[in-house]
Each structure stands twice: as C-alpha cells, then as structure tokens.
Visitor: 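Mind looking over this structure? Questions follow.
Remember, predicted model here, so these are calculated numbers, not experimental data.
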Amino acid sequence: GNIDLTFFFGTELPDGEEGILDTGAGFKSHGGLSFGWDCNGDASVDYSSGRRNLGRGGGLGLNHFDRSNTCKNGAEYLPVHWSVQLPNGEYDVTVDFPEYYHQ
C-alpha cells in the first residue's frame with residue numbers, strides 16, 4: 001500500500017492543510033509513527049524554539065532548527081538530522097525549502 005505523509009515544521013498547520021505538525025522534538029514515537037530530530041545521532045534534543053509561524057516559509061511556517069547552535073563538539077559543528085521511520089522500500093519524497101535564499 002501507499003504511505004502518504006505530509007509534515008509541517010512551523011507553529012501551526014496552514015489553513016486548509018492536513019498533515020502532521022512537527023514539534024521540534026527529538027526522534028521518538030508519536031502515536032505509532034516515529035519521527036523527529038537528532039544531533040549527530042543523539043535524539044535528546046529540543047529544537048522547538050526555532051519554530052516560526054505561517055508568516056515564514058512561504059505561508060507554511062518553518063523550523064530554524066538548532067537556533068542556538070548547540071549541536072557541536074567544542075568548536076566543531078555536528079550534523080543535525082530530521083528523519084521518519086518507514087518500512088524498507090522505495091519512496092517518492094518531495095522536500096520544500098520555501099525560503100529561496102536558504103537553500
């Protein structure tokens with residue numbers, strides 16, 4: 001069967017849109033679906049302070065994740081990831097980076 005998931009990363013869902021509103025929490029189970037953020041594999045993060053309203057992200061909202069630059073080892077910045085756990089298989093994925101100057 002098909003899996004159709006739509007995630008939004010702002011503070012609220014856009015009008016008329018259905019989907020899952022990411023809270024900025026670390027990777028964990030959210031009602032049977034596991035998704036979220038990590039810092040170099042460590043899911044004990046909270047990036048909720050970076051969430052922005054619908055005035056940003058072309059009306060979609062966004063998350064300026066790791067806003068305080070906490071994902072680092074000394075002066076070295078570490079990778080921040082967002083992921084969703086899905087069964088093995090092939091997927092068509094669309095990612096929208098709605099602010100053209102931050103690509």
Side-chain angles (χ1 to χ4, degrees):
N2 290 337
I3 298 174
D4 185 7
L5 301 171
T6 302
F7 290 90
F8 293 91
F9 295 89
T11 56
E12 61 188 289
L13 290 174
D15 287 341
E17 294 286 347
E18 293 183 21
I20 300 166
L21 188 60
D22 183 82
T23 63
F27 185 88
K28 65 181 180 180
S29 178
H30 302 265
L33 181 65
S34 295
F35 64 91
W37 297 90
D38 74 70
C39 167
N40 200 39
D42 180 0
S44 61
V45 298
D46 178 358
Y47 295 139
S48 61
S49 67
R51 296 168 69 215
R52 300 294 180 258
N53 65 26
L54 300 177
R56 296 286 303 274
L60 300 175
L62 60 81
N63 189 337
H64 186 140
F65 57 89
D66 198 20
R67 177 81 175 156
S68 300
N69 297 320
T70 59
C71 187
K72 56 185 185 175
N73 181 12
E76 175 191 6
Y77 288 95
L78 302 173
V80 173
H81 306 104
W82 184 90
S83 56
V84 58
Q85 184 176 0
L86 299 170
N88 290 337
E90 291 186 25
Y91 294 90
D92 292 322
V93 177
T94 302
V95 178
D96 185 354
F97 292 97
E99 294 196 343
Y100 67 91
Y101 51 89
H102 295 295
Q103 296 182 12

Visitor: Give a yes or no on this: more than 12 heavy atoms of other residues, nucleotides or ligands lie within 6.0 Å of atom CG of N69.
Guide: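 Buried by this count: over 12 neighbours within 6.0 Å.
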
Visitor: Could you list the residues that satisfy side chain to side chain contact (heavy atoms under 4.5 Å, CB included) with S48, not counting sequence neighbours?
Guide: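 Residues passing side chain to side chain contact (heavy atoms under 4.5 Å, CB included) with S48: D46, R51.
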
Visitor: Could you tell me which non-hydrogen atom of S49 sits nearest to which non-hydrogen atom of R52, and how far apart they are?
Guide: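 Residues S49 and R52, closest heavy atoms: O-NH1, 2.9 Å.
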
Visitor: Go through the structure and list residues passing ring pair (Phe, Tyr, Trp, His ring centres under 6.0 Å) with F65, not counting sequence neighbours.
Guide: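 By the ring pair (Phe, Tyr, Trp, His ring centres under 6.0 Å) rule, F65 matches W37.
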
Visitor: Which atom pairs, one a donor and one an acceptor, fall under 3.5 Å between side chains of residues 71-87 and the rest of the protein, sequence neighbours left out?
Guide:
from	atom 1	to	atom 2	distance (Å)
H81	ND1	D38	OD1	3.0
W82	NE1	D22	OD1	3.0

Visitor: Remaining members of F27's ILVMFWY cluster at a side-chain heavy-atom cut-off under 4.5 Å?
Guide: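 Cluster partners of F27: none, it stands alone.
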
Visitor: If you measure from NE2 on H30 to OG1 on T23, what distance do you get to the nearest 0.5 Å?
Guide: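 It is 5.5 Å, given to the nearest 0.5 Å.
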
Visitor: F8: which other cluster members, linking ILVMFWY side chains closer than 4.5 Å, directly or transitively?
Guide: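 Members alongside F8: L13, L21, L60.
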
Visitor: What residues, two or more places apart in sequence or in another chain, satisfy side chain to side chain contact (heavy atoms under 4.5 Å, CB included) together with E12?
Guide: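 In terms of side chain to side chain contact (heavy atoms under 4.5 Å, CB included), with neighbours along the sequence ignored, E12 is linked to L54.
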
Visitor: Rounded to the nearest 0.5 Å, what separates atom CD1 in I20 from atom CZ in F7?
Guide: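 Output value for this atom pair is 4.0 Å.
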
Visitor: Using every non-hydrogen atom in the two residues, find where S29 and S34 come nearest and quote the distance to one decimal.
Guide: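 Of all heavy-atom pairs spanning S29 and S34, the closest is CA-OG, 3.6 Å.
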
